[in-house]
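The structure under discussion appears below in the form of structure tokens.
Order of appearance sets the numbers: ligands from 1, and atoms from 1 within every ligand. All values below were derived from every heavy atom in this structure, side-chain atoms included, with hydrogens, water molecules and symmetry-related copies excluded.
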Amino acid sequence: MDCEGIVKAWLAEAFEKVVPGCGGGRIVPSKDPRFGDWQCNDAMGIAKRAGKNPRELAQAVIAAQPLPGLLEKAEVAGPGFINLKLSDAAVAKGVEALVSDETLGIPQREAHETVVIDYSSPNVAKPMHIGHIRSTVIGNAIDRILRALGYRVIADNHLGDWGTQFGILIMGYRHFLTDEERADLTVELLEKVYVRSYNETKNPENPTWIDRCREELVKLQSGDEANLAVWKRFIEISLKEFGRIYDRLGVKFDIYRGESYYQPMLAETVDMLREKGLATQSEGAWIVDMKDEGLDVAIVRKRDGGFNYTTTDIATVRSRVADFDPARIIYVTDERQQLHFRQFFRICEKLGLCGTAKLQHVWFGLMRLPDATFSTRQGNVIKLETLLNESAARARTIVDGNHPDWDETERAALAEAIGIGAIKYADLSHDPATMIVFTWERALALDGNSGPYLQYANARLNSLLAKYRAEVGRAPEENALAIASPVEKALALWLLQYPNTVQRAGDLCKPSVLADYLYQLSQLYSSFYQSSPVMKADPAVRDSRIRLCAAVSKVLRGGLDLLGIPTPERI
Ligand code: ARG
């Protein structure tokens with residue numbers, strides 16, 4: 001039983017009867033439970049447009065047809081609000097139906113449209129730095145949310161695995177590494193020799209270095225076997241290290257199509273631009289001039305004949321549309337790439353490459369520690385792995401303090417789950433477009449808006465449910481739910497908002513919408529729990545309350561799972 005769906009349908013029909021075609025009937029939770037559970041604010045706007053009195057219109061809507069059984073009361077208040085009060089029995093039935101549904105009531109896309117989501121996408125031979133964490137964490141949460149909504153999602157890791165840096169890197173690899181180091185290659189070593197080789201290109205005492213780097217690049221680009229083998233090795237080593245981090249974060253991609261995958265299509269892409277008269281020549285380079293649209297100039301072929309990031313991204317759209325026919329292609333990167341995305345989106349549009357696909361750039365602000373911004377450009381590189389290790393180590397101190405008696409494996413696993421949960425939630429609980437000031441105290445707090453707090457709430461629910469099963473000898477889900485107090489009703493009504501919330505988080509590509517919801521859920525739960533004893537209550541009350549707890553547990557766990565936050569059994 002979908003309470004909200006029924007009420008919405010009833011309201012929409014009533015609005016249609018009173019003002020045909022007005023489209024009224026949206027509902028929102030009430031600000032104040034004294035006035036009702038939900039409210040509809042549409043009458044005011046519709047009355048204004050129709051030149052009617054808003055209160056009279058609202059009254060007519062309510063009187064247009066009998067109330068559905070699940071509404072106890074519908075009343076007009078103030079300038080024309082429609083306050084709706086649900087019957088306790090209906091809310092209880094709604095919650096029961098929600099949690100017994102396989103998808104927890106989340107509306108499923110019938111058409112299963114495809115969404116390609118391009119996220120994480122780090123650059124080969126460089127350690128993933130903290131700037132990549134937001135793309136990985138936010139992208140993965142959007143990925144999970146869209147899958148839950150019934151989309152066919154293709155998670156694509158668009159690795160930066162091609163470009164001029166490889167000439168410099170090959171030279172560094174050949175000249176600055178010992179045989180042992182080459183045999184035991186790491187990304188860290190690659191980064192080191194890259195920096196050294198890059199510095200050589202600027203060294204006046206070594207004037208030929210830069211030309212030799214270029215030669216190696218040209219050889220690589222023209223298929224030289226030795227250079228291709230080295231390049232493949234760089235990718236293999238990098239993927240091994242990235243994979244280690246993805247495993248820790250619970251992140252999986254469907255495909256890894258790096259920039260190199262699109263190389264064979266680039267010349268053709270520029271030809272298309274030239275044929276359509278979109279690309280023009282300027283100082284030997286080919287550019288698309290969009291200054292008149294406020295989008296500056298995008299270079300699509302450099303003076304030396306090389307292609308670049310923009311050309312690759314245009315080819316990528318063409319290839320994705322041909323291969324997957326997506327309804328949306330979502331890109332998750334930091335805010336500094338906004339112009340790039342606006343430029344190539346516009347170019348794709350002009351070329352008519354998008355098909356039915358909507359291109360969407362989800363950008364996020366940089367993450368700021370109290371003392372510095374994490375950014376390679378500012379030379380203050382804190383590696384993602386270091387951050388995860390630090391978080392797990394701090395969580396370990398907390399776990400050891402609380403459970404010195406637990407065995408080593410469980411403590412280590414729990415510390416890892418809390419450490420990862422803390423980092424992810426700190427990231428996801430903010431609107432992506434805001435700058436995050438990260439503090440360990442806040443991220444790891446067991447009693448604030450943090451990942452560990454929600455994990456802890458979930459674990460406590462587990463132990464309460466286990467206790468019930470042990471003492472009563474029955475599964476909490478076998479009981480019927482009866483709403484008996486305002487706190488219970490508030491909690492139950494909030495549970496009914498879950499499907500909507502997931503829908504909104506997916507539509508807006510904002511996992512923070514879901515994070516806020518879960519935090520609010522755990523707060524409502526905690527005020528319920530503080531005022532309403534469960535195991536100590538009379539059996540009938542106890543049985544209904546534990547049923548409510550089981551419902552909260554299910555939704556909380558489902559929601560944390562959509563955010564990619566681990567839910568340890570006990571904490
Ligand atoms: N490799 C790029 C970086 O690290 C991100 C790529 C994002 N995706 C894309 N299709 N441009 O900044």
| query | Just wondering, do Tyr194 and Tyr173 contact through their side chains at under 4.5 Å, heavy atoms? | reply | no
| task | Run the numbers for me: atoms of ligand 1, each under 4.0 Å from some heavy atom of His132, listed by number. | result | 4 (O)
| message | I'd like to know if the side chain of Ser135 and the backbone of His132 have a donor-acceptor N/O pair within less than 3.5 Å. | response | no
| task | Dump the intermediate steps for salt bridge (Lys or Arg N to Asp or Glu O under 4.0 Å) on Arg244 and Asp247, then the final yes or no. | result | CA-CA 5 Å; Arg244 213 162 58 212; Asp247 283 347; over 6 Å; no
| task | State the atoms of ligand 1, each with its element, that fall below the 4.0 Å cut-off from a heavy-atom position in Tyr331. | result | 10 (N)
| Numbered atoms and elements of ligand 1 in range of Gln337, under 4.0 angstrom, heavy atoms | 3 (C), 12 (O)
| Element-labelled atoms of ligand 1 that are located less than 4.0 Å from some non-hydrogen atom of His158 | 8 (N), 9 (C), 10 (N)
| Shortest non-hydrogen contact between Arg442 and Ser450, atoms and distance | O-CB, 3.5 Å
| Just distances here: any N/O of Ser121 and N/O of ligand 1 closer than 3.5 Å? | yes
| query | Among Leu353, Ile314, Leu278, which residue meets the side-chain contact (heavy atoms from CB on, under 4.5 Å) test with Met272? | reply | Leu353
| message | If I apply the N/O under 3.5 Å rule, does Asp118 come out as touching ligand 1? | response | yes
| query | Under 4.0 Å from ligand 1, counting heavy atoms only, is it the side chain of Phe341, its backbone, both or neither? | reply | side chain
| query | Does some non-hydrogen atom of Tyr309 fall short of 4.0 Å from ligand 1? | reply | yes
| Which atoms of ligand 1 are found less than 4.0 Å from any heavy atom of Asn123? | 1 (N), 2 (C), 3 (C), 4 (O)
| message | Taking the basic N atoms (NZ, or NE/NH1/NH2) and the acidic carboxylate oxygens, is any pair closer than 4.0 Å for Arg396 and Asp400? | response | yes
| request: Could you give me the CA-CA distance, side-chain angles and deciding distance for Gln343 and Asp296, then say whether side-chain hydrogen bond (donor to acceptor under 3.5 Å, both in side chains) is met? | output: CA-CA 8 Å; Gln343 285 181 333; Asp296 213 339; 5.4 Å; no
| Ion pair present between Asp427 and Arg134, side-chain N to carboxylate O less than 4.0 angstrom? | yes
| What atoms in ligand 1 come closer than 4.0 Å to a heavy atom of Thr333? | 7 (C)
| message | I'd like to know whether ligand 1 has Asp313 as a neighbour, heavy-atom separation below 4.0 Å. | response | yes
